[in-house]
Amino acid sequence: MFSSASRSCTRVLGTVRLVFRSVITQATDKQAAKNGAAGVEEAMRKDMPEKDIRPVYLDAQATTPLDPRVLDKMLPYLVTHYGNPHSRTHAYGWESEAAMETARVQVAKLIGADPKEIIFTSGATESNNIAVKGVARFYKAKKKHVITTQTEHKCVLDSGRVLENEGFDVTYLPVQTNGLIDMKELEDAMRPDTSLVSVMFVNNEIGVRQPVEEIGKLCRSKKVFFHTDAAQAVGKVPVDVNSMNIDLLSISGHKIYGPKGVGVLYVRRRPRVRVEPPQSGGGQERGMRSGTVPTPLVVGLGAACEVAGKEMEYDSKHIEMLSNRLVNRIMAECPSVIRNGDKDHMYPGCVNLSFAYVEGESLLMALKDVALSSGSACTSASLEPSYVLRAIGADEDLAHSSIRFGIGRFTTEEEIDYTAERCIKHVKRLREMSPLWEMVQEGVDIKSIKWSQH
Amino acid sequence: MSATRSQVLSLYKHILREGKKFVDYNFRMYAVRRTKDQFRSNKEISDSSKIQELIKEAEENLEIMRRQVLIGQMYGDGKLVIESATQEESKSR
């Protein structure tokens with residue numbers, strides 16, 4: 001009797017809950033329908049900032065805004081000239097093809113290449129995949145060894161893993177504490193059956209610029225192909241594929257104020273570099289990358305390259321000034337701040353700082369008015385310390401406390417001052433709360449402490 | 001010669017005025033800074049063909065800015081935190 005009453009009671013409660021839930025769902029559905037896509041977006045993140053307090057953007061290594069000059073060149077190909085650039089039988093195709101070829105010339109000019117050597121892809125990740133896997137697989141009958149570094153982008157490292165599964169030998173060269181590779185170690189790692197060396201031009205996390213000229217010279221003398229991931233370098237530092245002896249080079253559109261979803265792989269013609277294309281299809285882009293070339297995107301990439309070429313000197317002066325301003329401000333006010341990466345061989349637009357005794361994620365949360373990252377966007381979801389910082393031998397705690405400041409063409413002095421001021425304030429605040437910081441102030445050597453009781 | 005001078009000055013004014021219309025804070029600040037620096041760095045150029053070339057380029061840029069300012073007005077979405085902060089400060093003053 002009692003049990004049945006309680007059971008029915010539960011049932012009633014259950015029904016009530018069900019009804020209640022359906023009411024709520026209906027309400028949210030209505031809300032979502034009313035707000036359209038924006039409602040869904042807001043539902044995704046409760047902590048989205050309100051309108052008119054958009055954070056300052058300081059993450060230029062993750063992506064850059066589309067330059068209005070670039071969008072202006074793209075729009076006609078999104079609105080009017082929609083032809084397939086590979087259509088050979090009508091004017092729609094011809095005008096798109098002409099635009100695509102102009103873009104090819106613009107890209108080639110920026111890196112000192114021949115337009116025929118420019119292969120359009122979907123981005124630097126695809127370019128890196130074609131380069132690393134493509135070269136290794138094409139020459140696999142005679143050569144089974146590939147060399148890369150531990151600080152490469154995930155897509156190069158992962159391509160390396162795939163090659164290892166296919167039976168290739170892959171050497172992941174360690175880097176020195178300044179982030180640069182040791183040329184002697186590279187030479188020692190080379191074998192008669194080495195087909196490719198892949199070293200990134202400018203590192204995306206610590207901004208270190210590898211000695212590309214020397215690597216190119218060494219690779220050429222050993223008749224090994226040299227690929228460089230220059231997604232963070234092209235348009236920002238001078239790149240010349242001939243004087244630097246680069247055989248393959250990857251470019252990303254959206255890192256140089258161009259559109260997302262487009263990139264370039266430069267593939268040398270003399271001496272000829274052959275690749276086995278990972279993607280099969282209509283044989284576009286000299287058979288290396290099948291699939292219709294997206295005209296509006298490559299027009300944008302071409303325009304971005306042209307603007308970058310014209311503005312490089314002006315931009316680098318501006319970025320260097322802002323970079324020094326930021327670093328000097330923070331260093332002057334905060335003790336125990338370590339700059340990661342070599343001081344001289346680096347791109348100033350990427351500033352990676354470790355704030356000792358402050359947890360990086362907490363600082364990022366506190367600095368919600370500034371769009372920053374603790375490292376590469378690909379790994380920004382995990383709380384693991386960056387593998388790049390671990391590769392340069394940073395202590396675990398310092399790797400956890402690092403923040404990357406990305407300065408670009410559109411960053412202003414005001415934004416830098418705002419960021420520096422916020423950063424200093426919150427580092428001080430977080431340190432005041434930290435027992436570790438207190439102990440350091442009292443002169444305790446943190447490293448000598450045995451934390452475990454047993 | 002003076003005709004060119006007034007032409008350049010008027011172009012400068014127009015470009016600067018257009019640049020200030022960008023809704024996006026970063027594009028607006030860049031347009032103003034770049035315009036000022038560009039005209040200043042080219043001040044000493046006396047070669048008339050070079051000047052004509054630069055005038056043509058500037059006119060093209062002005063057209064681009066006019067279109068892009070409009071697009072920015074159509075799709076702009078909120079202000080940056082530092083813009084809002086400076087506005088509040090000036091209001092309280």
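Side-chain atoms are counted along with the backbone in the values below, which use heavy atoms only and exclude waters and symmetry mates. Order of the sequence lines fixes the chain letters, A, B, ..., with proteins taken first and strands second; residue numbering starts at 1 for each chain.
Considering only heavy-atom pairs separated by less than 4.5 Å from chain A, the leading option among B:R34, B:M29, B:M65 is B:R34. Of the listed residues B:I71, B:N26, B:D24, the one with more heavy-atom pairs under 4.5 angstrom with chain A than any other is B:N26.
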Given the rule in the side chain to side chain donor-acceptor pair (under 3.5 Å) test, do A:Y314 and B:D37 qualify, once you have shown the distances and angles that lead to the verdict?
CA-CA 9 Å; A:Y314 182 78; B:D37 289 346; 2.4 Å; yes

Set out, in order, the CA-CA distance, both residues' side-chain angles and the distance that settles side chain to side chain contact (heavy atoms under 4.5 Å, CB included) for A:T412 and B:Y25, then state yes or no.
CA-CA 9 Å; A:T412 67; B:Y25 163 84; 2.7 Å; yes

Let's go through A:D67 and B:F27 carefully: what are the C-alpha distance in whole Å and the side-chain angles of both, what is the deciding distance for side chain to side chain contact (heavy atoms under 4.5 Å, CB included) to 0.1 Å, and is it a yes or a no?
CA-CA 8 Å; A:D67 193 303; B:F27 292 163; over 6 Å; no

Can you check side chain to side chain contact (heavy atoms under 4.5 Å, CB included) on A:L75 and B:R67, steps first, answer last?
CA-CA 11 Å; A:L75 279 169; B:R67 290 190 290 265; over 6 Å; no

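For B:D77, the parts lying under 4.5 angstrom from a heavy atom of chain A are both the backbone and the side chain. Only the backbone of A:P55 comes within less than 4.5 Å of a heavy atom in chain B; its side chain stays farther off. Proximity to chain B involves both the backbone and the side chain of A:E415, based on heavy atoms less than 4.5 angstrom apart.
At a threshold of 4.5 Å between non-hydrogen side-chain atoms, the residues B:Y30 and A:H318 do not count as touching.
Taking CG from B:N61 and CZ from A:R69, the interatomic distance works out to 7.0 Å, rounded to the nearest 0.5 Å. The NZ atom of B:K79 sits 13.0 Å away from atom CD1 of A:I53, with the distance rounded to the nearest 0.5 Å.
In summary, B:E83 and A:R54 do not engage in a salt bridge, as defined by a charged side-chain N under 4.0 Å from a carboxylate O.
Within 6.0 Å of NE2 on B:H14 lie no more than 12 heavy atoms contributed by other residues, nucleotides or ligands. More than 12 heavy atoms of other residues, nucleotides or ligands lie within 6.0 Å of CE in A:M331, so this atom counts as buried by the packing criterion.
Across B:V81 and A:D369, no two heavy atoms sit closer than the pair CG1-O, 3.7 Å.
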